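Here the structure comes first, spelled out in structure tokens, and everything after it is commentary.
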Amino acid sequence: SAGIRYLTLFCFSSENWNRPKDEIDALFSMLNEYLHKESKPFREKGINFSFLGRTNMLPAEIRQMIARLEKENLPPEQEKMHLILALSYGGREEITDAARRLAREVQDGKIAPDQIDEKAFSSALYLPGIPDPDLIIRTSGEKRISNFLLWQSAYSEFVFLDTLWPDCTEKDFYAALPVLCKESGDRAVLRAIHFFAEDERVVKEVNALRAGDWNRFLKLVKESGDSSYKYLQNVYVSHDTVSEPVAIALAVSEWALAD
């Protein structure tokens with residue numbers, strides 16, 4: 001509902017293999033149960049799956065589930081969101097595996113060392129077709145990223161929440177989005193604003209959004225009723241390329257009005 005096209009969840013790290021076996025077994029049992037239960041509702045909502053990490057190390061039952069889910073993915077034109085589950089994943093391991101893959105290609109004469117650049121390295125990662133994350137949310141009060149998407153997060157924004165991951169709610173999620181919404185003064189908004197410039201309320205709301213003044217934006221949304229919602233809705237449907245922050249702002253406006 002927030003207009004986010006790609007979401008990656010860090011479910012099981014490479015370091016988690018050091019946990020007691022009964023704990024690992026319990027975690028995979030819960031994951032298997034969850035995927036069995038939620039795969040159909042997710043598919044009905046247009047959500048496709050990918051899996052990130054050294055999945056060859058996972059239990060056979062989980063590997064079979066992964067193969068089935070990826071095989072059942074909807075065609076791209078029907079996809080509304082892509083959910084990536086990081087399992088047996090570590091950022092350093094991914095970089096190491098990519099370097100090893102490129103070294104083998106050099107050894108086999110497929111590429112020359114001078115051909116290895118950022119683009120070539122990115123293409124050797126586990127899921128090269130997935131865009132780099134715009135926003136990374138770290139829960140549990142920790143101020144570190146714990147070996148997560150080290151290469152891909154070079155230009156990501158970071159939000160650190162004190163809330164534990166199992167306790168996170170929709171409210172916590174939306175509270176983390178202002179970092180992205182600061183970018184909502186993008187070209188799509190600037191191109192469309194003249195259509196609504198006569199509405200003073202909308203101008204105030206959009207200026208607050210573009211300035212990253214999240215509290216003022218929400219206050220204006222609630223005061224003016226649905227003007228900003230209609231504005232953002234028109235921006236969203238009037239352009240072929242609209243950034244995710246615009247879609248997020250649209251969803252959050254709707255959420256604020258319903259609050």
Side-chain angles (χ1 to χ4, degrees), residues 1-98 100-101 122-140 145-153 156 163-170 172-173 244:
S1 63
I4 294 175
R5 289 294 310 278
Y6 296 90
L7 174 65
T8 302
L9 301 179
F10 202 177
C11 301
F12 189 88
S13 73
S14 54
E15 289 87 357
N16 286 153
W17 289 112
N18 296 320
R19 294 187 177 192
K21 185 178 183 303
D22 57 346
E23 187 176 333
I24 292 173
D25 291 342
L27 288 170
F28 283 125
S29 177
M30 287 190 291
L31 175 64
N32 192 41
E33 181 181 348
Y34 177 79
L35 291 176
H36 270 292
K37 180 182 177 182
E38 298 296 337
S39 59
K40 184 177 179 181
F42 277 20
R43 206 68 80 192
E44 290 171 351
K45 294 177 181 178
I47 298 175
N48 280 338
F49 289 89
S50 286
F51 296 85
L52 181 70
R54 291 177 173 174
T55 55
N56 61 302
M57 298 177 63
L58 299 173
E61 189 176 19
I62 300 297
R63 295 200 307 271
Q64 291 169 6
M65 172 66 73
I66 287 174
R68 181 177 69 80
L69 289 173
E70 290 184 330
K71 184 178 180 181
E72 294 174 353
N73 273 345
L74 300 167
E77 63 271 15
Q78 295 181 25
E79 180 183 285
K80 294 182 180 178
M81 180 179 172
H82 205 104
L83 178 63
I84 302 104
L85 301 183
L87 296 168
S88 188
Y89 175 81
R92 289 179 175 179
E93 287 83 354
E94 181 178 24
I95 291 171
T96 301
D97 287 348
R100 189 178 293 118
R101 188 174 296 113
S122 293
S123 69
L125 297 174
Y126 293 145
L127 294 176
I130 302 297
D132 292 343
D134 294 310
L135 175 68
I136 293 179
I137 301 173
R138 174 64 202 256
T139 60
S140 309
I145 59 173
S146 300
N147 203 19
F148 181 60
L149 298 179
L150 298 181
W151 177 273
Q152 298 90 331
S153 64
S156 301
T163 310
L164 297 174
W165 166 242
D167 299 326
C168 281
T169 64
E170 184 181 31
D172 294 305
F173 172 70
E244 285 189 5

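Starting from 1, each residue takes its place in the sequence as its number. Predicted, not measured: the structure shown is a model, and the values here were computed from it.
- Residues satisfying the side chain to side chain donor-acceptor pair (under 3.5 Å) criterion with S122, sequence neighbours excluded, are W151.
- Legend: residues meeting ring pair (Phe, Tyr, Trp, His ring centres under 6.0 Å) with F148, ordered by chain and number and at least two apart, are F10.
- In this structure, the side-chain contact (heavy atoms from CB on, under 4.5 Å) partners of P41, at least two apart in sequence or on a different chain, are E38.
- Considering only residues two or more places apart in sequence or on other chains, T8 meets the side chain to side chain donor-acceptor pair (under 3.5 Å) condition with none of them.
- For D167, the side-chain contact (heavy atoms from CB on, under 4.5 Å) criterion is met by T163, L164, not counting sequence neighbours.
- Evaluation of the ring pair (Phe, Tyr, Trp, His ring centres under 6.0 Å) rule for Y34 yields no partner, not counting sequence neighbours.
- In terms of the side chain to side chain donor-acceptor pair (under 3.5 Å) criterion, E77 has no residue partners (sequence neighbours excluded).
- When the ring pair (Phe, Tyr, Trp, His ring centres under 6.0 Å) test is applied to F49, the partners found at least two apart in sequence or on another chain are F42.
- With sequence neighbours excluded, the residues satisfying side-chain contact (heavy atoms from CB on, under 4.5 Å) with L7 are L9, M81, L83.
- Legend: residues meeting ring pair (Phe, Tyr, Trp, His ring centres under 6.0 Å) with F51, ordered by chain and number and at least two apart, are absent.
- In this structure, W17 has its ring center at least 6.0 angstrom away from the ring center of Y89.
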Donor-acceptor list for residues 59-67 side chains, cut-off 3.5 Å, not counting sequence neighbours:
residue : atom : partner : partner atom : Å
E61     : OE2  : N32     : ND2          : 2.9
R63     : NH1  : L58     : O            : 2.4

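- For L74, the side-chain contact (heavy atoms from CB on, under 4.5 Å) partners at least two apart in sequence or on another chain are R43, N48, Q78.
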